[in-house]
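What follows is a set of notes on a single structure, which appears directly below.
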2 protein chains.
Amino acid sequence: MTDPINQQILLKSRPVGEPKERDFVFVETPIPEPGEGEILNRTIYLSLDPYMRGRMSDRESYAAPVELGSVMVGGTVSQVIKSNHPQFSTGDFVLGYDGWQTYGISKGETLRKLDPKQAPISYALGVTGMPGMTAYFALLDIGQPKAGETVVVSAASGAVGSVAGQIAKIKGCRVVGVAGSDSKCDYVVKELGFDACINRKTQDLSSDLKAACPDGIDVYFDNTAGPILEAVLQQINLGARIPLVGLISQYNAENAPPGPNLMPLLVKRALIQGFLVGDYQHRQAEFVKDVSEWLREGKLKYKEDVVERLDRAPHAFIGLLQGKNFGKLIVKVSDDPTR
Amino acid sequence: MTDPINQQILLKSRPVGEPKERDFVFVETPIPEPGEGEILNRTIYLSLDPYMRGRMSDRESYAAPVELGSVMVGGTVSQVIKSNHPQFSTGDFVLGYDGWQTYGISKGETLRKLDPKQAPISYALGVTGMPGMTAYFALLDIGQPKAGETVVVSAASGAVGSVAGQIAKIKGCRVVGVAGSDSKCDYVVKELGFDACINRKTQDLSSDLKAACPDGIDVYFDNTAGPILEAVLQQINLGARIPLVGLISQYNAENAPPGPNLMPLLVKRALIQGFLVGDYQHRQAEFVKDVSEWLREGKLKYKEDVVERLDRAPHAFIGLLQGKNFGKLIVKVSDDPTR
């Protein structure tokens, strides 16, 4: 082993509003020894995702909060350093959930082996992992886009939104993104092939949405809730479908802000349905098959925003909730021997 | 013809907030003569329903507004006085849409003949008509209640809510109503057989809902939106279904008030879907078959709140939006020869 110590970032206090760097603490501890049936992993990439804000809070949610003084949770791509598990060997690359630390112990049940020849190993935290699967099932199962329909996607340059919008294009829809800067909008239109993109910060959301969606909105892939959802509801078509995938706009709010007036749902017989990717684990194979093919054919593009070094994770995560990242945000925790 | 004139109530001005009696005007006009293929009806019963508030406004909705100076629209049960239509004869009882007037001309396509031996003819405005059909399809198609689940119904003593709750009981659910007075709650529990009922005006909605729904809420049949929906969302179960059938709480609002925070939908992967009964016309037969049978078997009870005389319709309608009616509100416009 080259590193004598395990670097960890612990949750020190529950953030009030936006997380601050002082809500985290960086510590060094001995590298743990794997027990019977356990595996020791060296973290190569750590995924940073908006849902982590929920884990920092002790409000009721779909998962238990991180205990104060514990390592922050998170998806990781790692290399096996030492294995007492028959199915994993030293040198294997694995997708796991070791959290914000340089070394993690795993029991193997939740690990998935990665083949570096198939795709860059970091993709398992994005386009071929949880964010991609969220995009795939929320769009196709709840959104049910049909060719010729108009699909709007918020947080359109993000890990989930960029994949959702591209899948909607593959399905033959007109796709309009909403993103947080002109350069993100450029990327979404020119690189990812969306038909239009609205900068939510500088443009008039309602009138630009109307202009970009002359036939109304059939599907709204909602990563944000808040003002974008409100503007979209004014322009939904009969029988519109709104997968509610994230509420980024309010993750830092201390009190749950009011939502949109729901009259348009009644008038247009439309549907809003909450989505959590965990419910779709049993259908992972469908997703992996389609997405791998689309990536090979060049129909699906993917951008990463790579931050170097674990100690920068808190700062990068704070920026994520402010929309400062550009592409899927990951922390490169240690060398990636495959690149 | 016994009456020399047609009494009509016209929409005089678009109400601001709560409708006032001065927004309507009572006029007397000659009885119209039916043309080729037309039918002249004498109105016996006029239905008053919350959706009419929407027709008084020129905001965008699912139907065009009533023009100022025109007869207010509304469902009617009438007797044919004179017919130039091969399928209708003098003396027939018919369900139509003649509006707030004592005589109406109809072309026949939208008329349905009523058999006074099957059920009181006024029921066609309620339990066997549009409100009953709303309850039936919104509950069964969107709500999909399963035996043993908990169903909450707002406006529980009303024309739609009372039928929705009773159907949920027939399907084996625990049913909890929310109504606007103790006497309505008594009726809902003792007469209609709901398991519990909460008086939204005097009880603590959240804590009483929690007490009445110890296993959480699986289906919320929403006639009101507003604070009841907000309280319900805090206690929905995984995969809950919320048919959004009415927004009575805000029909008088000049500006659309904010809705509930939608985080619980995401956390519980729940669904809110707007419903309009007009989409289900092609499935009317299913509804009529089931409901007629339940009425015959005494499984379904029905209460009418009958106001005498057309000129009292504005006052009665204003009260309807304030929850002053008790049971399905109808105006008895002229003698019912079947009772």
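Per chain, numbering begins at 1; letters A, B, ... match sequence-line order.
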Cut-off 4.5 Å, heavy atoms of chain B, and the answer for A:A256 is both
Looking only at A:P257, A:G239, A:G246, A:G54, most heavy-atom pairs under 4.5 Å shared with chain B are made by A:P257
Ranked by heavy-atom pairs below 4.5 Å to chain B, first place among A:L229, A:L244, A:N261 goes to A:N261
Okay, side chain of B:R174, backbone of B:A212: is any donor-acceptor separation there less than 3.5 Å?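 Confirmed, B:R174 side chain pairs with B:A212 backbone.
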I'd like to know if the side chain of A:K268 reaches the main chain of A:I236, judged simply by a donor and an acceptor atom lying under 3.5 Å from each other, with no hydrogens or angles considered. yes
Check the pair B:V176 / B:I217 against side-chain contact (heavy atoms from CB on, under 4.5 Å), numbers first and verdict last.
CA-CA 10 Å; B:V176 175; B:I217 297 165; over 6 Å; no
Under 4.5 Å to a heavy atom of chain A? For B:Q250 that would be side chain
**Report entry** Residue pair A:E254, A:V16: steps toward the side-chain contact (heavy atoms from CB on, under 4.5 Å) verdict
**Finding:** CA-CA 7 Å; A:E254 272 312 288; A:V16 176; 3.9 Å; yes
